[in-house]
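The structure appears right after this line, and notes come after that.
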Number of protein chains: 2
Amino acid sequence: MNQENSMGIGVLSERTGCKVGTIRYYEQIGLLPDPPRSEGGHRIYSLEHLKRLTFIRRGRELGFTLDEIRTLLGLVDGGSYTCGEVKALTLEHLQEIHKKITDLKRLEESLTAIAAECEGGAASKCPIVDALFKSR
Amino acid sequence: MNQENSMGIGVLSERTGCKVGTIRYYEQIGLLPDPPRSEGGHRIYSLEHLKRLTFIRRGRELGFTLDEIRTLLGLVDGGSYTCGEVKALTLEHLQEIHKKITDLKRLEESLTAIAAECEGGAASKCPIVDALFKSR
DNA sequence: GCTACAACCTGTAGTCACTACAGGTTCAAG
DNA sequence: CTTGAACCTGTAGTGACTACAGGTTGTAGC
């Protein structure tokens, strides 16, 4: 591992912020290609792997599922992807995020309203508990 | 199952909007008490079960985890819970929800910014893909 | 060359909150 | 007494990892 463009799994992990176990998991599910091995069986990664794993991590940070990332990588690997295809996937994903935000906001609102009823004292009759026993 | 305050799992399911499999799951993990059985082994639920399952469902709708609901039910079962305890749990939960919303909004913002760079045409060089290959 | 020990290896099981199935039994209506 | 819906149990699968056990390899210092 003395060349600068080749590294073990620990270094790849550090450079991408992706845990060792997770890297092996990505390999197992076919997201990261099987790297060559040393004589003893240790994985040896190249800069290509680093690039690809960075893509995956960044995609995860942006909330894409592994399946969406797989699709995205498939397009990139094909070489003939278009900007339109990628943008469509992204916009679809943005909609999902937006829906989640809306749902959570509604949740926050309901719960805030319920909690506001409650004085939080030592009383053993609580409006929050009452609310939970009632269906909408 | 002819009495109005006693019912099979199917009716309980309908009345709570909770799937049959889910009800059995809640029993398995000790959230819903084991109901008595008919001679043939069918579960027979009372209004107490209905009340408790409603509590659980409503809690889930409000985003509480099953563990949080277990704690809440523990307080209620103890009989000597105070409003303060319940409110504390609720506020803690509200904070988590708030954090999720904040995180998702940041995500939405980043992704929107990235997507705005992209014209979505037939080009095979896409700024979204470029962004994914770069770590923050 | 030898010794330590960190880093690596594989395989398996656990997480959360369900859902879905297979293969069998019971209940209630007609 | 027959039919068929509703019920039963147990198991496996979901997503995206994480954690462990028990073993092997790589490397730095002596």
Side-chain angles (χ1 to χ4, degrees), chain A residues 1-3 6-32 34-45 49 53 55-73 93 96-97 100 103 107, chain B residues 1-4 6-32 34-45 49 52-53 55-73 93 96-97 100 103 107:
Chain A
M1 228 59 63
N2 40 359
Q3 289 159 289
S6 133
M7 62 201 117
I9 199 168
V11 172
L12 183 64
S13 166
E14 265 172 41
R15 290 229 238 165
T16 54
C18 185
K19 292 197 184 173
V20 168
T22 307
I23 297 174
R24 287 197 277 248
Y25 170 69
Y26 288 162
E27 178 182 327
Q28 199 192 312
I29 61 168
L31 211 53
L32 202 58
D34 296 18
R37 303 281 188 129
S38 73
E39 272 190 40
H42 288 198
R43 290 168 177 81
I44 302 169
Y45 293 99
H49 288 102
L53 184 52
F55 186 102
I56 298 171
R57 279 327 274 177
R58 189 80 181 102
R60 291 292 295 134
E61 279 171 14
L62 291 170
F64 287 98
T65 65
L66 291 183
D67 245 24
E68 287 167 333
I69 292 172
R70 196 192 298 275
T71 304
L72 245 19
L73 279 170
H93 178 52
E96 279 166 36
I97 292 175
K100 274 189 196 166
D103 289 352
L107 211 64
Chain B
M1 228 59 61
N2 39 1
Q3 290 159 290
E4 67 184 44
S6 132
M7 62 201 118
I9 200 168
V11 171
L12 182 64
S13 167
E14 266 173 41
R15 289 229 238 166
T16 55
C18 186
K19 292 197 184 173
V20 168
T22 307
I23 297 174
R24 287 197 277 247
Y25 170 69
Y26 287 161
E27 177 183 327
Q28 199 191 312
I29 62 168
L31 211 54
L32 203 58
D34 296 19
R37 303 282 188 129
S38 73
E39 270 188 44
H42 287 198
R43 291 169 177 81
I44 303 170
Y45 292 99
H49 288 103
R52 196 178 181 88
L53 185 53
F55 186 101
I56 298 170
R57 279 326 274 175
R58 188 80 180 102
R60 291 293 295 134
E61 278 171 15
L62 290 170
F64 286 97
T65 65
L66 291 184
D67 244 24
E68 287 167 333
I69 293 172
R70 196 191 297 276
T71 304
L72 245 20
L73 279 170
H93 178 51
E96 278 165 37
I97 292 174
K100 273 188 198 166
D103 288 352
L107 212 65

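Each chain gets a letter, A, B and so on, in the order the sequences are listed, and its residues count up from 1. This structure is a prediction, so every number in the text was calculated from the model and none was measured.
- Within the 4.0 Å cut-off from OP1 or OP2 of D/dC8, at least one side-chain nitrogen or oxygen of B/R43 is found.
- Contact between the side-chain N/O atoms of B/T65 and the OP1/OP2 oxygens of C/dC16 is not found at any separation under 4.0 Å.
- Ionic pairing of B/R37 and B/E27 is present here: one or more N-O contacts between side-chain nitrogen and carboxylate oxygen are shorter than 4.0 angstrom.
- When the options B/F55, B/Y26, B/Y25 are evaluated for a side chain to side chain contact (heavy atoms under 4.5 Å, CB included) with B/L31, the one that passes is B/Y26.
- Residues A/K100 and A/D103 are not paired through a salt bridge, judged by the lack of any N-O separation under 4.0 Å between the basic side chain and the carboxylate.
- In this structure, A/E68 atom CD and D/dG15 atom P are separated by 12 Å, rounded to whole Å.
- If you take CD of B/Q28 and P of D/dG10, they are 9 Å apart, rounded to a whole angstrom.
- Rounded to a whole Å, the CE atom of A/M7 is 15 Å from the P atom of D/dT27.
- For A/I9 against A/R24, the heavy-atom pair with the smallest separation is CD1-CG, 3.7 Å.
- Atom CZ in B/R70 sits roughly 14 Å away from atom C1' in C/dC18 (whole-Å rounding).
- Looking at A/H93, its side chain does come within 3.5 Å of a backbone N or O of A/G63 through a donor-acceptor pair.
- As rounded to whole Å, 13 Å separates atom C1' of D/dT14 from atom CD1 of A/I29.
- Within the structure, every side-chain polar atom (N or O) of A/R24 is placed at least 4.0 Å from both OP1 and OP2 of C/dT10.
- Residue B/R37 places no side-chain N or O under 4.0 Å from the OP1 or OP2 atom of C/dT25.
- Spacing between atom CG of B/L32 and atom P of C/dA17 amounts to 16 Å, rounded to whole angstrom units.
- Here the CZ-OG1 distance, from B/R52 to B/T16, works out to 14.0 Å after rounding to the nearest 0.5 Å.
- Contact annotation: B/T22 side-chain N/O to C/dT19 OP1/OP2 distance is under 4.0 Å.
- Residues B/E39 and B/K19 each lie close to DNA chain C; by heavy-atom proximity, the contact nearer the 5' end of the strand is made by B/K19.
- Among all heavy-atom pairs drawn from A/P35 and A/Y45, the shortest one is CG-CE2, 3.5 Å.
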Base versus backbone protein contacts along nucleotides 1-6 of chain D [heavy-atom cut-off under 4.0 Å; B, S, -]: ------
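- Atom pair B/Y25:OH and C/dA20:C1' shows a separation of 15 Å (rounding to whole Å applied).
- Sequence order on DNA chain D of the closest nucleotides to B/G40 and A/D67 puts B/G40 first from the 5' end.
- Heavy atoms of B/Y26 sit under 4.0 angstrom from primed sugar atoms or phosphate atoms, though from no base atom.
- Residue whose closest nucleotide on DNA chain C sits further toward the 5' end, between A/V20 and B/G41: A/V20.
- Computed from coordinates, the A/I56 CD1 to D/dG15 P distance equals 16 Å when rounded to whole Å.
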